[in-house]
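Take a look at the structure below.
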Amino acid sequence: MKFSKILLTGSGGQIGSELTLALREIYGAQNVIASDIKKPCSEKLETSGPFEILNVLDKEAIKNLVLKYNVDMIVHLAAILSAIGEQKPMLAWDVNINGMINVLEVAREMKLKQVMVPSSIAAFGPGTPIDNTPQETILKPTTMYGVTKVAGELLGEYYVNKFGLDVRGLRYPGIISNDTLPGGGTTDYAVAIYYEAVKYGKYTCFVKEDTRLPMMYMPDCLKATIDLMHADFTKLKHHSDFNVGAMSFSVKDLADSIKKYIPTFTIDYQPDFRQAIADSWPNSVDDTAAREEWGWKPSFDLDTMTQDMLKVIGEKHKKGLI
Ligand code: SER
């Protein structure tokens with residue numbers, strides 16, 4: 001086992017809620033401390049192990065939790081996503097940058113073994129090559145969320161070089177899952193479409209049908225995150241900015257995949273301000289560095305994901321849970 005006690009921030013979110021449980025399976029429930037700014041919707045997080053209220057803008061509070069539980073690794077997931085970030089840019093800057101600096105400073109001062117901080121495809125912008133986007137490329141995002149992600153990647157690398165702190169991160173694509181809903185992101189349509197298909201047989205999408213983005217199913221996201229956490233540091237040439245690809249599809253491809261299993265499903269389109277955000281991001285990414293440096297390989301494609309999503313969400317719907 002690489003770590004004795006892991007603290008997660010943003011545990012109540014889409015990735016945090018599932019990553020906390022996955023890490024509890026590996027490390028033991030008492031060794032994985034969940035935290036969030038508010039009580040999580042999912043009871044499982046609180047009943048299956050320690051849970052603490054934590055505002056990442058409060059550095060002393062982070063420090064106190066590290067001391068209380070003897071934490072030696074932090075997965076820092078608390079962040080404001082792209083769509084909310086455009087509505088509240090100063091909040092996105094504050095939470096994403098000052099929250100991250102607080103976590104990095106606590107880790108440096110208390111000599112933690114590792115910090116994992118996600119980046120995103122939002123680090124890319126209109127000048128970036130859109131197909132098979134290279135690992136090393138132009139990073140000129142047009143959203144505040146993207147600005148904070150580029151700064152976050154640079155900060156991570158700075159702490160590696162300047163202080164010898166082990167900081168790692170992945171440029172997550174849109175993440176699709178069936179447990180906790182994403183909140184305030186641009187790629188949220190790729191989750192909402194499945195819920196609406198099961199519940200109502202139709203969906204109104206906030207981006208156009210030919211909008212194509214890199215996406216990943218949650219089991220692959222968990223695997224990528226945990227594999228990078230456990231990768232041999234000496235083999236890593238990159239640290240905080242790994243491209244990770246899994247699939248790339250347009251909204252039409254997604255709707256067609258759902259129609260294979262729900263033939264009566266219909267979709268219409270009412271693009272809003274999130275169209276411009278989606279248009280500034282790539283179609284697909286080149287993840288050769290992740291494959292070569294720590295053995296990344298995804299398992300799910302669009303159809304295998306659709307089958308699984310519809311099965312799980314269908315069962316929840318039958319039980320009246322959604
Ligand atoms: N899923 C995120 C968003 O849409 C991208 O990292 O904001």
Side-chain angles (χ1 to χ4, degrees), residues 12-22 40-42 44-45 77 81-84 118 120-122 172-225 244-272 274-275 277-278 281 283-284 298-322:
Q14 184 197 15
I15 297 174
S17 58
E18 297 199 42
L19 185 59
T20 302
L21 299 182
C41 304
S42 144
K44 258 187 287 175
L45 270 192
L77 297 172
L81 294 188
S82 59
I84 300 208
S120 159
I121 51 163
Y172 287 132
I175 304 296
I176 296 162
S177 64
N178 50 46
D179 188 13
T180 305
L181 287 170
T186 300
T187 57
D188 295 11
Y189 67 85
V191 179
I193 192 171
Y194 286 105
Y195 281 83
E196 304 280 307
V198 168
K199 288 203 289 195
Y200 311 115
K202 59 180 188 192
Y203 178 59
T204 300
C205 190
F206 57 76
V207 293
K208 292 185 292 193
E209 73 172 355
D210 59 355
T211 306
R212 177 178 290 277
L213 287 171
M215 297 279 178
M216 183 182 281
Y217 196 29
M218 183 59 90
D220 277 334
C221 170
L222 298 177
K223 183 174 171 300
T225 309
V244 271
M247 33 185 142
S248 160
F249 51 76
S250 67
V251 188
K252 182 173 185 311
D253 297 335
L254 178 54
D256 287 345
S257 171
I258 292 174
K259 275 182 205 164
K260 285 187 198 160
Y261 309 97
I262 307 178
T264 53
F265 174 66
T266 58
I267 182 161
D268 62 357
Y269 298 89
Q270 282 176 21
D272 66 17
R274 289 168 283 191
Q275 184 68 54
I277 302 178
W281 294 348
N283 293 339
S284 59
S299 303
F300 283 86
D301 62 17
L302 177 55
D303 274 343
T304 48
M305 174 176 77
T306 295
Q307 285 170 32
D308 201 50
M309 283 292 282
L310 293 178
K311 181 169 159 272
V312 177
I313 296 170
E315 280 161 10
K316 280 195 197 178
H317 188 52
K318 266 190 216 137
K319 289 184 192 153
L321 297 172
I322 56 163

For the atom pair [atom1] ([X]) and [atom2] ([Y]), what is the distance rounded to the nearest 0.5 Å?
{"X": "Leu254", "Y": "Ile193", "atom1": "CG", "atom2": "CD1", "answer": "4.0 Å"}
{"X": "Ile313", "Y": "Leu321", "atom1": "CD1", "atom2": "CG", "answer": "12.0 Å"}
{"X": "Arg274", "Y": "Ile277", "atom1": "CZ", "atom2": "CD1", "answer": "8.0 Å"}
{"X": "Lys259", "Y": "Thr266", "atom1": "NZ", "atom2": "OG1", "answer": "8.0 Å"}
{"X": "Ile322", "Y": "Glu196", "atom1": "CD1", "atom2": "CD", "answer": "9.5 Å"}
{"X": "Met305", "Y": "Ser177", "atom1": "CE", "atom2": "OG", "answer": "10.5 Å"}

Does any part of the side chain of [Y], heavy atoms only, come nearer than 4.5 Å to the side chain of [X], both counted from C-beta?
{"X": "Asp253", "Y": "Arg212", "result": "yes"}
{"X": "Ile175", "Y": "Thr187", "result": "no"}
{"X": "Tyr203", "Y": "Phe265", "result": "yes"}

Heavy-atom pair of closest approach, residues [X] and [Y]:
{"X": "Pro182", "Y": "Gln14", "answer": "CB-OE1, 3.4 Å"}
{"X": "Met309", "Y": "Ile176", "answer": "CE-CG2, 3.7 Å"}
{"X": "Ile258", "Y": "Leu310", "answer": "O-CD1, 4.4 Å"}
{"X": "Pro214", "Y": "Pro173", "answer": "O-CB, 3.2 Å"}
{"X": "Leu81", "Y": "Gly184", "answer": "CB-O, 3.4 Å"}
{"X": "Thr211", "Y": "Gln275", "answer": "OG1-NE2, 3.1 Å"}

### Task
Check Met247, Gln307, Met218 against Phe300 for a side chain to side chain contact (heavy atoms under 4.5 Å, CB included) and give me the one that passes.
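The residue from Met247, Gln307, Met218 that satisfies side chain to side chain contact (heavy atoms under 4.5 Å, CB included) with Phe300 turns out to be Met247.
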### Query
Of Phe206, Tyr269, Phe249, which is the lone residue that meets ring-ring contact (aromatic ring centres under 6.0 Å, His included) with Tyr189?
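It is Phe206; the other options fail the test.
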### Message
Does Cys205 form a side chain to side chain contact (heavy atoms under 4.5 Å, CB included) with Ile267? I'd like the steps, not just the answer.
### Response
CA-CA 7 Å; Cys205 190; Ile267 182 161; 4.2 Å; yes
Kindly say whether [Y] contributes a backbone atom to a donor-acceptor pair with the side chain of [X] at under 3.5 angstrom?
{"X": "Ser82", "Y": "Thr186", "result": "yes"}
{"X": "Asp220", "Y": "Tyr217", "result": "no"}
{"X": "Lys223", "Y": "Ser299", "result": "no"}

Donor-acceptor side-chain pairing of [X] and [Y] below 3.5 angstrom:
{"X": "Ser17", "Y": "Thr180", "result": "yes"}
{"X": "Thr204", "Y": "Gln270", "result": "no"}
{"X": "Asn178", "Y": "Tyr194", "result": "no"}

Quick one: list whatever passes salt bridge (charged side-chain N to carboxylate O under 4.0 Å, His left out) with [X], sequence neighbours left out.
{"X": "Lys252", "result": "Asp256"}
{"X": "Asp179", "result": "none"}
{"X": "Asp303", "result": "Lys260"}

### Task
Please say whether more than 12 non-hydrogen atoms of neighbouring residues, nucleotides or ligands are located less than 6.0 Å from NZ in Lys311.
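Atom NZ in Lys311 is not crowded, with 12 or fewer foreign heavy atoms closer than 6.0 Å.
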